[in-house]
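Data block below; observations after.
All chains are named by letter (A, B, ...) in the order of the sequence lines, taking the proteins before the strands, and each is independently numbered beginning at 1.
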Protein chains: 2
Amino acid sequence: MATINDVAKLAGVSKTTVSRVLNKTAPVNKETELKIIKAMKELSYQPSLMAQGLRTKRSKMIGIVIPSFSNPFYYRFIQELEWEAKKQDYYVIISSASTGEELKKKYVEDLIHRGVDGLIIFSYKEDNKMGDYFLEISKQTPTVFMDNIGNHRDAAFVYADGFNGIKEVVAHLIEKGHKKIGFIKPKESYKVAVDRYEGYKAALADGNLPLENELVFEGNFEIEDGYIAGEYFWSLDRKPSAIVACTDLLAIGTMKYFLNKGMKIPQDIAVAGYDDIELSTIIQPTLTTYKQPIKEISKTTIDLLIDKIEQRDDINKNIAIKGELVIREST
Amino acid sequence: MATINDVAKLAGVSKTTVSRVLNKTAPVNKETELKIIKAMKELSYQPSLMAQGLRTKRSKMIGIVIPSFSNPFYYRFIQELEWEAKKQDYYVIISSASTGEELKKKYVEDLIHRGVDGLIIFSYKEDNKMGDYFLEISKQTPTVFMDNIGNHRDAAFVYADGFNGIKEVVAHLIEKGHKKIGFIKPKESYKVAVDRYEGYKAALADGNLPLENELVFEGNFEIEDGYIAGEYFWSLDRKPSAIVACTDLLAIGTMKYFLNKGMKIPQDIAVAGYDDIELSTIIQPTLTTYKQPIKEISKTTIDLLIDKIEQRDDINKNIAIKGELVIREST
DNA sequence: TTGAAAGCGCTAACAT
DNA sequence: ATGTTAGCGCTTTCAA
């Protein structure tokens with residue numbers, strides 16, 4: 001491993017000058033610059049990130065905190081984030097903070113101790129204690145919150161526009177002639193869940209359909225909860241002809257219930273989700289859903305974070321990004 | 001951020017002594033040690049990994065190279081690897097080297113330039129050029145190869161015991177009374193695929209069943225290839241009564257074909273896979289398969305790699321780890 | 001436009 | 001058992 005000293009010696013200049021062409025931090029004579037570049041190539045010199053980091057207090061690493069690694073949906077984000085970061089010469093290290101608040105805090109602190117220049121934090125429940133902790137962190141370390149977040153506080157947020165997303169899904173069903181549309185939403189007050197529910201209400205209003213309480217089912221996030229929702233809806237006297245779920249996983253659980261009963265989808269009942277997870281294209285019938293703009297969200301997040309890190313822009317923006325309705329067999 | 005100097009000053013000793021209690025690199029008087037520890041706590045001192053790294057040429061980071069982030073199966077490994085590494089104070093950075101050999105090389109070099117202390121490399125085709133390149137790398141940087149690899153060369157390998165795995169799956173089918181068992185294997189000569197195929201042959205031999213060429217289908221790795229395999233098997237005059245696929249994804253593709261034809265699984269035909277991906281428990285009927293020992297593989301890999309990094313053990317072992325037969329509805 | 005010198009926070013000889 | 005000193009590879013004054 002060649003060092004800056006080797007380059008300087010070979011080029012016959014001081015290491016200061018080499019550093020200058022490396023960082024374009026001061027004008028250098030065209031000729032000497034060429035000599036230096038040649039020397040660098042010859043030695044296939046790569047500056048030591050550790051030495052640079054020690055000097056500049058920058059590690060060129062970004063820490064990602066995700067609530068748990070079990071949701072396959074996160075991986076798509078992580079891949080994109082990694083890719084976008086790499087383009088700008090940053091690397092990404094991931095901390096999958098499973099359960100336990102104390103542990104989660106420890107992970108964040110670990111990451112900071114590791115020397116990450118910034119943090120990307122996924123999905124936390126708006127109303128719990130971790131929220132305050134994370135907000136506090138974001139005041140001391142450049143941070144962008146992603147996905148499942150609350151957007152009314154003074155911090156940087158990037159998320160999918162669930163309001164307009166679900167609105168489009170419901171509108172699509174109304175257009176298909178459905179008058180009674182059930183909605184499955186998570187019990188817990190995640191900001192995104194609320195957004196999506198608002199989208200459902202807005203679409204009903206646009207279609208001059210009443211909001212009926214018995215058509216809104218509250219559950220948890222797992223596949224089984226979708227199944228339970230299916231049971232519930234089918235126990236009603238005035239059954240819905242279509243069901244929209246807050247997430248694909250819930251929608252798939254619901255489909256499972258109706259398929260088990262031997263019903264045909266979409267003939268007997270239409271089902272739609274939100275997320276566009278891979279499973280939605282594998283399951284039979286394939287699921288109509290709303291595609292999260294993963295690429296765009298990731299790019300925006302990285303750009304925003306690096307802007308903060310490099311202090312080009314310290315405004316705490318809240319950015320909602322639109323996705324795309326994907327119509328498949330289930331409707 | 002307190003430095004080692006601050007601690008030394010507060011404790012009234014030299015930084016060398018502080019360093020010594022930090023690294024237990026030389027005996028320190030019990031009393032002074034206590035003073036130093038107290039000072040560290042008071043300042044909530046954390047040694048700078050950058051400074052340590054610069055001095056010791058150790059980053060406490062492990063690079064993971066995976067061929068592409070698209071296979072959800074890798075995530076389970078990554079999570080476990082991350083977890084096991086963290087236990088030993090190492091962090092993990094991932095490089096999802098999509099396609100293109102040049103790009104892949106660049107990623108590996110990036111990681112090394114980043115200063116990773118060791119490398120974990122996933123799944124490469126044994127017989128192509130990358131194999132040689134990776135082998136070369138493994139001579140210069142501590143490296144462990146995982147999963148889909150060839151194990152006859154001089155390097156460290158950890159992988160699932162596919163031979164005994166598939167053997168158990170096929171034996172299970174034979175026990176169920178099946179006499180004609182089809183096998184789906186990938187065309188390309190991945191070492192693991194070959195191992196599994198050998199397991200199939202061994203099980204047939206054990207059960208005194210003949211190996212019939214027309215019962216072995218060669219395809220690619222995707223779900224669709226399983227579907228095509230189903231078509232193929234059903235076009236035969238002497239049809240199999242059970243099918244074992246090299247991977248769950250292939251098995252699921254096959255099931256899809258038979259289900260589309262309105263056949264019942266396992267009544268009309270039994271299907272089994274290998275891997276135990278999550279989808280296998282979601283699909284109807286649930287899929288009999290062989291569970292990869294992800295946790296054990298990951299732990300073994302990390303332990304082996306850190307042994308190499310810290311030069312406790314430089315032997316290039318080849319470690320096969322057994323999994324577990326999981327019997328579900330499809331057989 | 002260039003260089004000399006100091007120092008980032010740490011560890012490792014070498015003394016004592 | 002402890003301290004002094006040098007130096008890892010880089011950037012950043014400061015001076016020329």
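- As rounded to whole Å, 13 Å separates atom C1' of dC8(C) from atom CG of D6(B).
- Within the structure, every pair that satisfies the side chain to side chain donor-acceptor pair (under 3.5 Å) test and touches residues 34-54 of chain B, not counting sequence neighbours, is listed here: H113(A)-Q46(B).
- You'll find that the side chain of I4(B) is closest to dT11(C), out of dT11(C), dC10(D), dT2(C).
- When each of dT2(C), dG3(D), dG9(D) is scored by its nearest atom to the side-chain atoms of N29(A), the top-ranked nucleotide is dT2(C).
- Separating the CD atom of Q52(B) from the P atom of dT11(C) is a distance of 5 Å, rounded to the nearest angstrom.
- dT11(C) atom P lies 10 Å from atom CG of L49(B), rounded to whole Å.
- End-to-end axis angle for the helix from dT1(C)-dA16(D) to dT16(C)-dA1(D), using five pairs per end and rounding to 10°, comes out at 40°.
- Rounded to whole Å, atom C1' of dT2(D) lies 17 Å from atom NZ of K30(B).
- Between Y159(A) and M146(A), every side-chain heavy-atom pair lies at or beyond the 4.5 Å cut-off.
- Note on E109(B) versus K106(B): no salt bridge recorded, every NZ/NE/NH1/NH2 to OD/OE distance being 4.0 Å or above.
- The pair K322(A)-D161(A) does not meet the salt-bridge criterion, since no charged nitrogen lies less than 4.0 angstrom from a carboxylate oxygen.
- Under the 4.5 Å side-chain criterion, counting only non-hydrogen atoms from C-beta, I93(B) is not in contact with I64(B).
- Between atom CG of residue L10(A) and atom CD1 of residue I36(A) there is a gap of 10.5 Å, rounded to the nearest 0.5 Å.
- The separation between K57(B) atom NZ and dG9(D) atom P is 4 Å, rounded to whole Å.
- A salt bridge links K87(B) with E84(B): the distance from a Lys NZ or Arg NE/NH1/NH2 to an Asp or Glu carboxylate oxygen falls below 4.0 Å.
- Of the candidate nucleotides dG3(D), dC10(D), dG9(C), dG3(D) has the atom lying nearest to any side-chain atom of S14(B).
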At a cut-off of 3.5 Å, list every protein nitrogen or oxygen paired with a nitrogen or oxygen from nucleotides 12-16 of chain C, distance to 0.1 Å.
unit_1	atom_1	unit_2	atom_2	d
dA12(C)	O4'	R55(B)	NH2	3.4
dA12(C)	N6	T16(B)	OG1	3.2

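- The interatomic distance linking L34(B) (CG) with dA1(D) (P) rounds to 15 Å, in whole Å.
- In this entry the distance linking CE of M1(A) with P of dC10(D) reads 11 Å, nearest Å.
- Comparing dC10(D), dT1(C), dT11(C) by their closest approach to the side chain of L22(B) singles out dT11(C).
- Nucleotide dC8(D) holds its P atom 18 Å from the CZ atom of R58(B), rounded to whole Å.
- For the pair N318(A) (side chain) and A155(A) (backbone), a donor-acceptor distance under 3.5 Å is present.
- At least one cation-pi condition fails for K105(A) and F134(A): the charged atom is not both under 6.0 angstrom from the six-membered ring centre and inside a 45 degree cone around its axis.
- The side chain of T32(A) places an N or O atom within less than 4.0 Å of a non-bridging phosphate oxygen (OP1 or OP2) of dT2(C).
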